[in-house]
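What follows is one structure encoded as structure tokens, with my remarks underneath.
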There are 2 protein chains.
Amino acid sequence: MSEATSRHLRLYVELRSRICLLDYPPGTRLSEEALASEFGTSRTPLRRALARLEDEGLVVSRHGVGTLVTDVEIGELAQTYALRLELAQLTGHLSPRPATAATLDEIKDFVARGHALVACPDPRVFAGLNMDYHRFGLSLSGNDALRDVAERLYFRTARIWLKAIPRLDLAEECAIFLEEMQQTETALRAHDLHAAALIRRAHISMSFQRLSTF
Amino acid sequence: MSEATSRHLRLYVELRSRICLLDYPPGTRLSEEALASEFGTSRTPLRRALARLEDEGLVVSRHGVGTLVTDVEIGELAQTYALRLELAQLTGHLSPRPATAATLDEIKDFVARGHALVACPDPRVFAGLNMDYHRFGLSLSGNDALRDVAERLYFRTARIWLKAIPRLDLAEECAIFLEEMQQTETALRAHDLHAAALIRRAHISMSFQRLSTF
DNA sequence: GCCGTCCTGGTTGTGCACAACTTTCGTCCC
DNA sequence: GGGACGAAAGTTGTGCACAACCAGGACGGC
């Protein structure tokens, strides 16, 4: 991979993480100059990364004003979740990858991290674990297109869900999350990827239900 | 919409069309300078559009070499089609929009254009009609996220399918396409969006079957 | 004849200076 | 005192010059 490409990817991924982990909550104004100097580049490559984030709807740049982190209204959130449900289930159908020993080790590790989270609930840790676990869920399918699409949708709305966490019961959310990972571990041990996908679907659905009580 | 945004969109859409209509077949080298002068801008805004095309996988820029239109191997094509099948069917489930009189006029017009195409088969006209019809199919769902995702996948692979057309029977492909639109018209007249989505799914599936005989 | 080297033309990537634009705040007129 | 106007500061968008890089060919040594 070329130097330029790798730098672009680094900037893009880092900024995307900061946005979705609420280091930059919706409405934050990102300064091109400040970010460029932080990352040790000029504005040009940084603008390339911001442009991609804008194309994907995570920020919006307005001439003379600034680059602002976007918010998402409930209507769009509902549509995106409706689609994510279906995609989650599809991970069990579209070229599923048989669970290997490595897969089982991974899910075991996730469960361990879940226990640690329940013992000491923290929104930031929750968000990071959730993001990692999402990526793990996608890795169960061998369909690249499905992975790309699902990842895109996840990052499109993850920050909104996280923003609502303080208004929910953090401890309870952590417990539910741990439960999901435990159920998934059971399914994977039984080598039932279909079941694992359904579990994922069910929990995304319930998560949105709890979210939309506001 | 700002001046810059509208220009960006114009460049992006125009280049994407040219790529997917095979005005620029896979492997073509796009010159930033030439395109910039054609569109009457400097390289900077043009590079913004090319960068987006690269992020979406339609071109690849290599330092010192050029910007090349990508090709797609059969494996990726299969995965993308597998996903497109599911998404096509979902347009019948995820906030389907009831067929109005305007909808019926539209599909009637498509059938008319289909008849004209069958009378005088032409790859370029075929491609244009197919692209318009694809957009029409998406408009039957009110789910923005689904539309975005499906459109992205369509443009990702449309040129590959079109590239294979000369190796198939053009007249037969046109006839099949017309048939699909006629069947869809019947479904829409019956206000059965579920059926319309299944017809779309079936034809995408069969289209890929014919395609992958090579 | 063959291989390695260097040079040259052409392309994308980067940095910088400036243009275009928006917001805010101060000032002046009424 | 209120409102309109304008200047100023700060931001993103654009154009340009140059750096970095790659492919191909000429050239010379062997």
Side-chain angles (χ1 to χ4, degrees), chain A residues 1-19 23-72 159, chain B residues 1-19 23-72 159:
Chain A
M1 184 183 305
S2 83
E3 169 68 24
T5 305
S6 113
R7 164 157 66 173
H8 165 65
L9 217 62
R10 189 169 52 89
L11 293 178
Y12 166 72
V13 169
E14 175 62 26
L15 288 175
R16 191 181 62 175
S17 277
R18 291 185 185 181
I19 290 173
D23 293 332
Y24 302 139
T28 307
R29 202 183 62 196
L30 307 179
S31 163
E32 295 184 353
E33 198 115 17
L35 288 175
S37 92
E38 176 191 340
F39 289 112
T41 71
S42 79
R43 278 180 56 210
T44 308
L46 187 100
R47 279 178 60 78
R48 169 90 163 78
L50 284 180
R52 181 165 179 180
L53 292 172
E54 180 168 22
D55 291 336
E56 298 185 354
L58 270 62
V59 303
V60 56
S61 287
R62 272 188 291 177
H63 192 181
V65 180
T67 302
L68 309 171
V69 178
T70 56
D71 209 337
V72 176
R159 66 194 182 286
Chain B
M1 188 183 301
S2 83
E3 169 69 23
T5 305
S6 114
R7 164 156 68 175
H8 165 64
L9 215 63
R10 188 170 53 88
L11 294 177
Y12 166 72
V13 169
E14 176 61 27
L15 289 175
R16 190 181 63 176
S17 277
R18 291 186 186 181
I19 291 173
D23 294 331
Y24 302 141
T28 306
R29 202 183 63 195
L30 306 179
S31 164
E32 295 184 353
E33 198 114 16
L35 287 175
S37 91
E38 177 192 339
F39 289 112
T41 72
S42 80
R43 279 180 57 211
T44 308
L46 187 100
R47 279 177 61 77
R48 169 87 162 77
L50 284 180
R52 180 165 177 181
L53 291 171
E54 181 168 21
D55 292 336
E56 297 183 356
L58 270 61
V59 305
V60 56
S61 287
R62 271 187 292 175
H63 193 181
V65 180
T67 302
L68 309 171
V69 177
T70 56
D71 210 338
V72 177
R159 65 194 184 287

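Only heavy atoms go into these numbers, but all of them, side chains included; no hydrogens, no water, no symmetry mates.
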| said: For B:V69 and B:L58: C-alpha separation, side-chain torsions, deciding distance, then whether side chain to side chain contact (heavy atoms under 4.5 Å, CB included) applies. | reply: CA-CA 6 Å; B:V69 177; B:L58 270 61; over 6 Å; no
For residues 25-44 of chain A, the salt bridge (charged side-chain N to carboxylate O under 4.0 Å, His left out) pairs (sequence neighbours left out) are A:R18-A:E38, A:E32-A:R43, A:E32-A:R47
Value for CZ (B:R7) from CZ (B:F39), rounded to nearest 0.5 Å, stands at 12.0 Å
Rounded to whole Å, CD of A:E3 lies from P of D:dA19 at a distance of 18 Å
So CG of B:D55 and CG of B:L53: to nearest 0.5 Å the spacing works out to 9.0 Å
Once base and sugar-phosphate atoms are separated, protein heavy atoms under 4.0 Å mark nucleotides 4-13 of chain C, 5' to 3', with B, S and - as ------BBBB
Taken to the nearest whole Å, CZ/A:R48 to P/D:dT12 is 18 Å
Check your understanding: Counting only N and O atoms by type, is there a donor-acceptor contact under 3.5 Å from the side chain of B:T70 to the main-chain atoms of B:G57?
Key -> yes
In whole angstroms, the gap separating P of C:dC16 from CG of A:L46 amounts to 14 Å
Checklist entry - Given C:dT14, is OP1 or OP2 found less than 4.0 Å from the side-chain N or O atoms of A:T44? => result no
Between B:A49 and B:L15 the two heavy atoms that sit nearest each other are CB-CD1, 4.4 Å
